[in-house]
Peer 1: 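Pasting a structure below so you can have a look.
Positions are given from 1, in the same order as the sequence printed here.
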Amino acid sequence: MIISNADNIHQQIKLYISIKKSYNSIYSINKQVISVLLSETLVNLSRFQFAFTAMVHFIFVPLTLGLTWILVVFEACYLISGKIVYRDMTKFWGKLLAINFAIGVITGITMEFEFGLNWGYFSRLIGGSFGPVLAIEGITAFMLEATMFGLFFFTWEKLSKGGHFIVTCLMAFGATLSIINILAANSWMQHPIASVFDYQSMSIDLKSIVQLYINTLAQVRIGHVAFAGFLTSAMFVMGISAYYILKNQDVNFAKRSFAAAAGFGLICSLSVAFFGDANGLQVSAYEPEKMAAIEGQWVTQKAPAAWYVIAFPDQNLEKNYFTISVPYLLSIIADHSLTGTVEGAKELQESYIQRIKNGQLAFTALMNLRNGQITPENEAQFKQYQHDLGFGFLLQKFTNDVATATPEQIAATAKYAIPNFMTAFWTFRLMIACWGIMLLLLIFGFIFSLRNTLEKHPVFLRMCLYSIPLPWIAVEMGWVLAEVGRQPWAVHDFLPTFLG
């Protein structure tokens, strides 16, 4: 009886230990799953918040940028002709600038806080490269623009006509200088140059701030975004002026504003196309996966390649549905010849396999160096493969043990390095469609203004009024394309977004 009870107790203890082990195993697995889910949620919420804030902020930036130069044009006409109507035009559009500028400042400040609160490691890592440019923007461009902004409104009766015109020019220059600094910093994230990674401080140090500004990608993107802002303001002035002409209110004032905006906008629309094309060539050279996504290229076409007007990409199956294409056009877009082509995503993934393996070696050497194993072998290995270190970081998305990653995990990382095709493909085409409609409106608007027949075309004037949102749709699609097309990188080929 005693032996039987002892055996029963022993069996119960064994059962308890077995259940305990099972529970601990399940708890450990669930803890890992919960940790991954929380990490994914944190990254996605941070990205959504920053994207929302940036897109709201950029509603106001292009109009501020463009209106300042339109004010320069109007006040120059006043300075040369002495006609009061041009001074009234400058003051009227200046009031709309004031409202826009104030809201733009508020939304811009919000983003500065989000850099530190949500993207702390990103800010720490690239502070030596990204920070100086933002500091220069705040100290020079913003302060100049804000100071001249106040003088513009409160010195009409205190300065001479020439003095006030200089204030307006400096205000416009400050706004443009601001976008130059911001685009130089953002272009560095797309194509980081003139920088070196310091494994001891785990930060990227800038070697030459001059190189940051004269980077070809930065120059063409500054031109593209600046003229997009000018075009936005031109369409805004045209639309509001069309409303006044339709209402037969302040017609002389409105027709002059319309004519100036149409001429200014027509020049800017052609400049946007020129810099946009140059930007595309840079993207093809330095961000081939973004270019593949923009053009819906899963497999590299033989030249001369066809351009997809319409396609519905499937990211999982890596194929397109319901395509409509134009023969030869992709080759012409790619490098302005019939021999150009765009490398397909599948070929890019194959090339990434080796870069990921190199990244494994760089990451392993980095960890050894960080752990105090500063040997010539580790330093040589890190120096040899550090160019692909970012792919080692990216591999952490699929494994905690980078050095022993499986071929399946490496393949998953290579596929993950390709951005979302559907978003990149359609944002580009929406942007182009908006630009095409605006170009037609500007051409007809310029012709009707030269003939002084605007009042005879009420349908056209209504189209101008209803088209006011078009430039904002275009610029927002452009930013979505630029940022989504860079994913999964916060700093291209170096810092994955999920580590930022």
Peer 1: Under 3.5 Å, is there a donor-acceptor pair between the side chain of Asn378 and the main chain of Ala365?
Peer 2: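 No; zero donor-acceptor contacts below 3.5 Å.
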Peer 1: Any side-chain heavy-atom pair from Phe382 and Leu389 closer than 4.5 angstrom?
Peer 2: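 Result yes, sub-4.5 Å side-chain heavy-atom pair found.
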Peer 1: Should Gln315 and Asn420 be marked as a side chain to side chain donor-acceptor pair (under 3.5 Å) after you check the CA-CA gap, both sets of side-chain angles, and the distance that decides it?
Peer 2: CA-CA 7 Å; Gln315 196 81 12; Asn420 186 284; 4.7 Å; no
Peer 1: Any side-chain donor-acceptor pair under 3.5 Å between Thr176 and Trp69?
Peer 2: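 Yes, because at least one side-chain N or O of Thr176 sits under 3.5 Å from a partner of the opposite role on Trp69.
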Peer 1: Taking all atoms of both residues into account, what is the closest heavy-atom pair of Thr216 and Gln282, and its distance?
Peer 2: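 In this case the closest contact between Thr216 and Gln282 is CG2-NE2, 3.5 Å.
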Peer 1: If you take all heavy atoms of Phe264 and Ala234, which pair is closest and at what distance?
Peer 2: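 Smallest heavy-atom distance, with atoms named: CD2-CB, 4.2 Å.
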Peer 1: Side chains of Glu318 and Gln349: donor-acceptor distance under 3.5 Å anywhere?
Peer 2: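 A pair is found: one side chain offers a donor N or O, the other an acceptor, under 3.5 Å apart.
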Peer 1: Pick one: which of Val73, Leu71, Thr68 meets side chain to side chain contact (heavy atoms under 4.5 Å, CB included) with Thr168?
Peer 2: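 So, applying the side chain to side chain contact (heavy atoms under 4.5 Å, CB included) to Thr168 and each of Val73, Leu71, Thr68, only Leu71 qualifies.
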Peer 1: Distance from Thr413 atom OG1 to Leu395 atom CG, nearest 0.5 Å?
Peer 2: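 One gets 4.0 Å once the value is rounded to the nearest 0.5 Å.
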Peer 1: Say whether, by atom type as modelled, one donor and one acceptor occur between the side chain of Asn320 and the main chain of Gly296 under 3.5 angstrom.
Peer 2: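 Yes; at least one donor-acceptor contact below 3.5 Å.
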Peer 1: Using distance alone, with no hydrogens and no angle criterion, decide if Asn215 and Gln219 have a side-chain donor and acceptor under 3.5 Å apart.
Peer 2: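 No, because no side-chain N or O of Asn215 sits under 3.5 Å from a partner of the opposite role on Gln219.
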Peer 1: Testing the basics here: between Ala261 and Leu442, what is the closest heavy-atom pair and its distance to 0.1 Å?
Peer 2: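 Heavy atoms of Ala261 and Leu442 come nearest at O-CD2, 4.3 Å.
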Peer 1: Tell me whether the centres of the aromatic rings in Trp426 and Phe312 are closer together than 6.0 Å.
Peer 2: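 Yes, ring centres under 6.0 Å apart.
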Peer 1: Can you tell me if Gln301 uses its side chain to pair, donor with acceptor, with the backbone of Ala306 under 3.5 Å?
Peer 2: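 Yes, Gln301 side chain to Ala306 backbone: donor-acceptor pair under 3.5 Å.
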Peer 1: With the side chain counted from C-beta on, respond yes when Ile240 and Ile468 share a heavy-atom pair under 4.5 Å apart, and no when they do not.
Peer 2: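 They are in side-chain contact.
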Peer 1: May I ask you to decide if Gly174's main-chain N or O and Ser178's side chain share a donor-acceptor pair within less than 3.5 Å?
Peer 2: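 Such a contact is absent between Ser178 side chain and Gly174 backbone.
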Peer 1: Within the structure provided, determine whether Leu217 and Gln190 are in side-chain contact (heavy-atom separation under 4.5 Å).
Peer 2: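 Yes, at least one pair of side-chain atoms sits under 4.5 Å.
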Peer 1: Just so I know, are the side chains of Gln297 and Tyr308 near enough to count as touching, which here means a heavy-atom distance under 4.5 Å?
Peer 2: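 When only atoms from C-beta onward are counted, Tyr308 and Gln297 do touch, with a gap below 4.5 Å.
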Peer 1: Without swapping roles, check the side chain of Asp314 against the backbone of Leu317 for a donor-acceptor pair under 3.5 Å.
Peer 2: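 Side chain of Asp314 to backbone of Leu317, a donor-acceptor pair under 3.5 Å: yes, one is there.
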Peer 1: Please report the closest heavy-atom contact between Ile59 and Asn100, naming both atoms and the distance.
Peer 2: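 Shortest heavy-atom separation between Ile59 and Asn100 comes out as O-OD1, 4.5 Å.
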Peer 1: What verdict does the ring pair (Phe, Tyr, Trp, His ring centres under 6.0 Å) test give for Phe152 and Phe149, after you've listed the backbone C-alpha separation in whole Å, the side-chain angles of each residue and the deciding distance to 0.1 Å?
Peer 2: CA-CA 5 Å; Phe152 173 83; Phe149 182 81; 7.6 Å; no
Peer 1: Does atom NZ (Lys415) have a neighbourhood of more than 12 heavy atoms from anything else shown, all under 6.0 Å?
Peer 2: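 Result for NZ/Lys415: enclosed.
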Peer 1: Is it the case that more than 12 heavy atoms not belonging to Phe153 sit under 6.0 Å from its CZ atom?
Peer 2: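 Above 12, so yes.
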Peer 1: With Arg47 as the cation and Phe50 as the aromatic partner, state whether NZ or CZ is under 6.0 Å from the six-membered ring centre and within 45° of the axis.
Peer 2: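 No cation-pi geometry.
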Peer 1: State, to 0.1 Å, how close Trp472 and Pro62 come at their nearest heavy-atom pair, and which atoms those are.
Peer 2: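 Looking at all heavy atoms of both residues, the closest pair is NE1-CG, 4.3 Å.
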Peer 1: Can you tell me how far CD1 of Ile473 sits from OG1 of Thr427, rounded to the nearest 0.5 angstrom?
Peer 2: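 Answer rounded to 0.5 Å: 13.0 Å.
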Peer 1: Output yes when a side-chain donor or acceptor of Ser331 lies under 3.5 Å from a complementary backbone atom of Ala305, and no otherwise.
Peer 2: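 Side chain of Ser331 to backbone of Ala305: a pair is present.
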Peer 1: Please determine which of Phe391, Phe498, Phe494, Phe393 meets the ring pair (Phe, Tyr, Trp, His ring centres under 6.0 Å) test together with Trp489.
Peer 2: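 By the ring pair (Phe, Tyr, Trp, His ring centres under 6.0 Å) criterion, Trp489 pairs with just one of Phe391, Phe498, Phe494, Phe393: Phe391.
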Peer 1: Do Val402 and Gln396 have side-chain heavy atoms sitting under 4.5 Å apart?
Peer 2: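 Val402 reaches Gln396 side chain to side chain.
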Peer 1: Using a distance-only test with no angle check, is there a side-chain donor-acceptor pair under 3.5 angstrom linking Thr404 and Asp401?
Peer 2: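 Yes, Asp401 and Thr404 have a side-chain donor paired with an acceptor closer than 3.5 Å.
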Peer 1: Give a yes or no answer on whether the side chain of Thr300 reaches the backbone of Gly344 with a donor-acceptor pair at less than 3.5 Å.
Peer 2: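 Yes; judged by distance alone, with no hydrogens or angles, the pair exists.
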Peer 1: Is any side-chain heavy atom of Met235 closer than 4.5 Å to one of Leu231?
Peer 2: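 They are in side-chain contact.
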Peer 1: For Tyr416, is the OH atom crowded, meaning more than 12 foreign heavy atoms sit under 6.0 Å from it?
Peer 2: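 Yes, because the 6.0 Å sphere around OH of Tyr416 holds more than 12 heavy atoms from other groups.
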Peer 1: With Glu289 as reference, evaluate Gln487, Arg486, His492 under the side chain to side chain donor-acceptor pair (under 3.5 Å) test and give the passing residue.
Peer 2: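 Single side chain to side chain donor-acceptor pair (under 3.5 Å) partner of Glu289 among Gln487, Arg486, His492: His492.
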Peer 1: Does the plane of the ring in Phe48 sit parallel, tilted or perpendicular to the ring in Phe52? Use 30° and 60° as the thresholds.
Peer 2: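 Parallel.
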Peer 1: Decide whether Asp335 and Ser337 meet the rule of one side-chain donor and one side-chain acceptor closer than 3.5 Å.
Peer 2: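 Indeed, the side chains of Asp335 and Ser337 share at least one donor-acceptor pair under 3.5 Å.
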Peer 1: Which pair of non-hydrogen atoms, one from Leu266 and one from Ile443, has the smallest distance, and what is that distance?
Peer 2: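 In terms of heavy atoms, the two residues are closest at CD1-CG1, 3.8 Å.
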Peer 1: Does this structure show an ion pair linking Asp493 with Arg355, if we count only N-O contacts that are shorter than 4.0 Å?
Peer 2: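 Here Asp493 pairs with Arg355 in a salt bridge, since their nearest N and O are under 4.0 Å apart.
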Peer 1: For Ser195 and Trp188, run side chain to side chain donor-acceptor pair (under 3.5 Å): C-alpha distance rounded to whole Å, both residues' side-chain angles, the deciding distance at 0.1 Å, then the answer.
Peer 2: CA-CA 10 Å; Ser195 302; Trp188 178 89; 2.9 Å; yes
Peer 1: Is it true that Glu295 and Arg429 make a salt bridge, defined as a side-chain N closer than 4.0 Å to a carboxylate O?
Peer 2: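 Answer for the salt bridge query: yes.
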Peer 1: Using a 4.5 Å cut-off on heavy atoms from C-beta on, say whether the side chain of Leu67 contacts that of Val237.
Peer 2: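 When only atoms from C-beta onward are counted, Leu67 and Val237 do touch, with a gap below 4.5 Å.
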Peer 1: Just by distance, do the side chain of Ser284 and the backbone of Gly280 share a donor-acceptor pair under 3.5 Å?
Peer 2: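 Absent.
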Peer 1: For atom NZ of Lys319, decide whether the heavy atoms of other residues, nucleotides or ligands shown that lie under 6.0 angstrom number more than 12.
Peer 2: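 Incorrect, the count does not exceed 12.
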Peer 1: Contact between Leu65 and Ser233 at the side-chain level, heavy atoms closer than 4.5 Å - yes or no?
Peer 2: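 Leu65 does not reach Ser233 side chain to side chain.
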Peer 1: Side chain of Asn371, backbone of Met367: donor and acceptor closer than 3.5 Å?
Peer 2: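 Checking the backbone N and O of Met367 against the side chain of Asn371, a donor-acceptor pair under 3.5 Å is found.
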